[in-house]
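So the structure is just underneath, and the comments pick up after that.
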Amino acid sequence: MEDFDSLISLSESPHSDPSVPVANATYLEGLNAPQRIAVETIDGPVLVLAGAGTGKTRVLTTRLAHILQSGRAMPGQILSVTFTNKAAQEMRRRVSSILGGQHVEGWWLGTFHALAARMLRVHADRVGLSSNFTILDSDDQVRLVKQLMDLQGIDQKKNPPKVVATKISSWKDKGLNPPDITGNDLGDEADRLALSLYRPYQERLIALNACDFGDLLLHMITIFKDPAHGDVLEDYHRRFKYIMVDEYQDTNVAQYLWLRLLAKKLNNICCVGDDDQSIYGWRGAEVDNILRFDQDFPGATIVRLEENYRSTEHILAAANGVISHNDNRLGKELFTSANSGDKIIVRGLWDGGAEARWACEEMEALQSKGWRASQMAVLVRTSFQMREFEERFIQLGLPYRVIGGPRFYERMEIRDALAYLRVVVQSSDDLALERIINKPKRGLGDSTLQTLYTHARVKQISLYVAIQDLCQTEELKPKVRGTLMRLIDDFERWKSLASSMAQSELAGLILDESGYLGMWQTDKAPDSPGRVENLKELTSSMEEFEGLQTFLEHIALVLDNQDSNNQESITLMTLHGAKGLEFDCVFLPGWEDGLFPSQRSMDENGLKGLEEERRLAYVGITRARKKAFISFVGNRRMHGSWVNAIPSRFVDELPKAHIEANSEMGMYSAGGNQGRSSHWDSSGIGVQSRLVVEVERKTISGFSMGTRVFHEKFGYGKIIHIDGQKLDVAFEKSGQKRVMDSFVRQA
DNA sequence: TGGATTCGCGTTTTT
DNA sequence: CGCGAATCCA
């Protein structure tokens, strides 16, 4: 449990020390007029509407420093909220550096969920929890829903537990408790089913002393709204003099309500956001929050920042041109005083392989001109597009890193290991116990589990206690009973060691004695060594934490992808992952209708969906400082089969004056074409490229291993491998290995 | 219970 | 096509 007062005095101490310089006054230099206003308008609500590359986070951190410097508030009196852990870390770093290296730990600076969790630990009793509640991840949620559905005998084929869990979560994200849900929130039969499970689901969570992610905010909102607990909100009103929010366009309703309740007394809230970068609608973000700001906070100062400090003129103009096709926006026109730079290169290619080859060729060319790999990024719409790029990077030996994918703590082995620890910390954690009861295999299958659950339900006890109970009887088969008794003995032993042993040591011991580590060590699957590695990393990372409880919370809410390797490599990630980042040079492949904009997005959300996709395009283009490459292909392999593709409508929306379309191969001609299909049919990416491929096939079929070949660019070489239509060629002059499938001819 | 086989489906992703 | 989940069968 946390002690607020100690936190406050802790965070105030550096400030009260006169020898520590607080904000640097000269920091305000270099901010333009509106930014100055945003920073200096200290009291009252402020909304800073700022576009890409305008330095939003800088405004926020400068303001934070300014408030401290002017003595308007102590560090513990500012609530500073961001969206992701990465952003929170970045903000912590910046604030700390402005304030001359002060520690910002213990400040109210972090993600919505982490801050709400911190509050809820203190007030847990108000909603029937105790302060050491477990935070469940989405996996646990689904399992819980499934259990409830099993119990009620609901057909899970028609109504997958995952869908029900998602629905419940989305209600929570809207700030809705079961009684708040009215006819308007209920669409179809599936919604009504989800609602019927919502209440028992909540009861079960309370019984387990657990919260899901949505609860962290929802419980706090419930407490804040309840007059019986008026003291809680009053306390926070007294505590927080200023509230600051980054990326306001991404807030969902629950986050908005939480903020509004906290801010309504003093109205000192400052939000920063860009409605054109709202790309998380599909997970509940409400652009309306930002559009409605001045109604929610009457008298709000609204500052528009339109000067972009990141990109050159052509890039910015292209981004502006695309986003101007959206109707539902506040409207900004970014400008820059930077030079015009290079036009955006637009290129049509035959298929994904050719696209990757072309992009990599461009990257190599840039590298040879001195551009850094770490300043190049490939931003894709969906992760399956990464594969072709990865293959090509490997073939060419280009250093690259993939950002995204399953997070460390979402990996199966990590969750399993955590489940063991959870049972040790709180043996009534049924979900955790269920997860690992038969991992490694102990011969405890479905039927045994069923027996245990039935007993637990009848007696109203936890699974763990049910096992202890049943082992006293003759109900179970001797073999099963023996196994269970041994398992319980193990847990009891681990529990008794918990107080005397360092937790990282204990975790190692548990993983070892339970046979879980051994299970992966003997597993011969190719990814097993990696899993063993991850488990070792988990135990070693535990050393710095005070206790298991603290560690588990850190895992659930704070631990982020450790992307500390700022190595000299090309970044490969999704467009979503790229928000907030910038690169000198950005590649945007796969601009084909159906892929980008995504068909599903348009089907499910119509115009709204399309506009969100367009904002994604805007985000993509504006990541580039100096160079942007956009490409589309005529043939895309999607889930196994080849589909014909037509260029994205966003390609047509790029203002012609700011792009350079490649005409050499007759792929795409800027200007002249009106209908979207016209580039396709008349200027004919398909027709021309098809010829190339046919020629290749003929050419390649005449070759065999060891054949000497000549390439215009790389000189003479020898074929060292043939795979279908692709040739691996080792070139004599450079000593390089290349994969070629075009322009190869005999010497 | 658990290995083997078929089935089905296929964005984006944070906490 | 390629993977995870559901289902089948020993």
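Below, read A as the first sequence line, B as the second, and so on, with proteins coming before strands; counting in each chain starts at 1. Since the model is a prediction, treat every value here as computed from it, not as a measurement.
The nucleotide whose nearest atom lies closest to any side-chain atom of A:Thr448 is, among B:dT1, B:dG10, B:dT15, B:dT1. Closest to the side chain of A:Thr574, from the set B:dT15, B:dT13, B:dG2, is B:dT13. For A:Lys441, the listed nucleotide lying nearest its side chain is B:dG3; candidates were B:dG3, B:dT12, B:dT1. With B:dT1, B:dT11, B:dT13 as the choices, the nucleotide that has an atom nearest any side-chain atom of A:Thr382 turns out to be B:dT11. The side chain of A:Asn85 lies closest to B:dT15 when the candidates are B:dG2, B:dT15, B:dT12.
For B:dT13, the base is not stacked against the aromatic ring of A:Trp282, per a cut-off of 5.5 Å between centres and 30° between planes.
With rounding to whole Å, A:Lys162 atom NZ is found 14 Å from B:dG8 atom C1'. The interatomic distance linking A:Leu444 (CG) with B:dG2 (P) rounds to 8 Å, in whole Å. Straight-line distance from the CD atom of A:Gln385 to the P atom of B:dT11: 12 Å, rounded to whole Å. Counting to the nearest Å, the P atom of B:dT11 and the CD atom of A:Glu592 are 16 Å from each other. To the nearest angstrom, C1' of B:dT11 lies 12 Å from CD of A:Gln599. We find that CZ of A:Arg381 is positioned 7 Å from P of B:dT12, with the value rounded to whole Å. At whole-Å resolution of the value, NZ in A:Lys439 and P in B:dT1 are 17 Å apart. Atom CG of A:Asn605 and atom P of B:dT12 are 15 Å apart (whole Å).
For the pair A:Leu581 and A:Met573, the tightest heavy-atom approach, listed with the atom from each and the gap, is CD1-CE, 3.2 Å. Minimum heavy-atom separation, A:Ile323 to A:Arg614: CD1-O, 4.2 Å.
Nearest-nucleotide assignment on DNA chain B puts the 5′-proximal partner with A:Arg442, out of A:Ser601 and A:Arg442. Mapping A:Ile279 and A:Phe213 onto DNA chain B by nearest heavy atom places A:Ile279 closer to the 5' end of the strand.
Contact between the side-chain N/O atoms of A:Ser383 and the OP1/OP2 oxygens of B:dT12 is found at a separation under 4.0 Å. Considering only side-chain N and O atoms, A:Asn438 lies under 4.0 angstrom from the phosphate OP1 or OP2 of B:dG2.
A donor N or O paired with an acceptor N or O is not found under 3.5 Å between the base of B:dT13 and the side-chain atoms of A:Arg283.
Of the listed residues (A:Phe587, A:Trp591, A:Phe583), just one forms a ring-ring contact (aromatic ring centres under 6.0 Å, His included) with A:Phe629, and that residue is A:Phe587.
In summary, the aromatic rings of A:Trp258 and A:His113 are positioned with their centroids too far apart to meet the 6.0 Å limit.
The pair A:Glu611-A:Lys608 does not meet the salt-bridge criterion, since no charged nitrogen lies less than 4.0 angstrom from a carboxylate oxygen.
Taking atom C1' in both C:dG2 and B:dT13, the straight-line distance is 22 Å, to the nearest Å.
Ring orientation note: the planes of A:Phe240 and A:Tyr236 are close to parallel, at an angle under 30° on the 30°/60° scale.
In this structure, A:Gln141 reaches neither bases nor backbone, as no heavy-atom distance under 4.0 Å exists between it and the strands shown. Within the 4.0 angstrom heavy-atom criterion, no nucleotide atom of any strand lies near A:Arg637. Residue A:Phe112 is classed as having no contact, given no heavy-atom separation below 4.0 Å to the nucleic acid.
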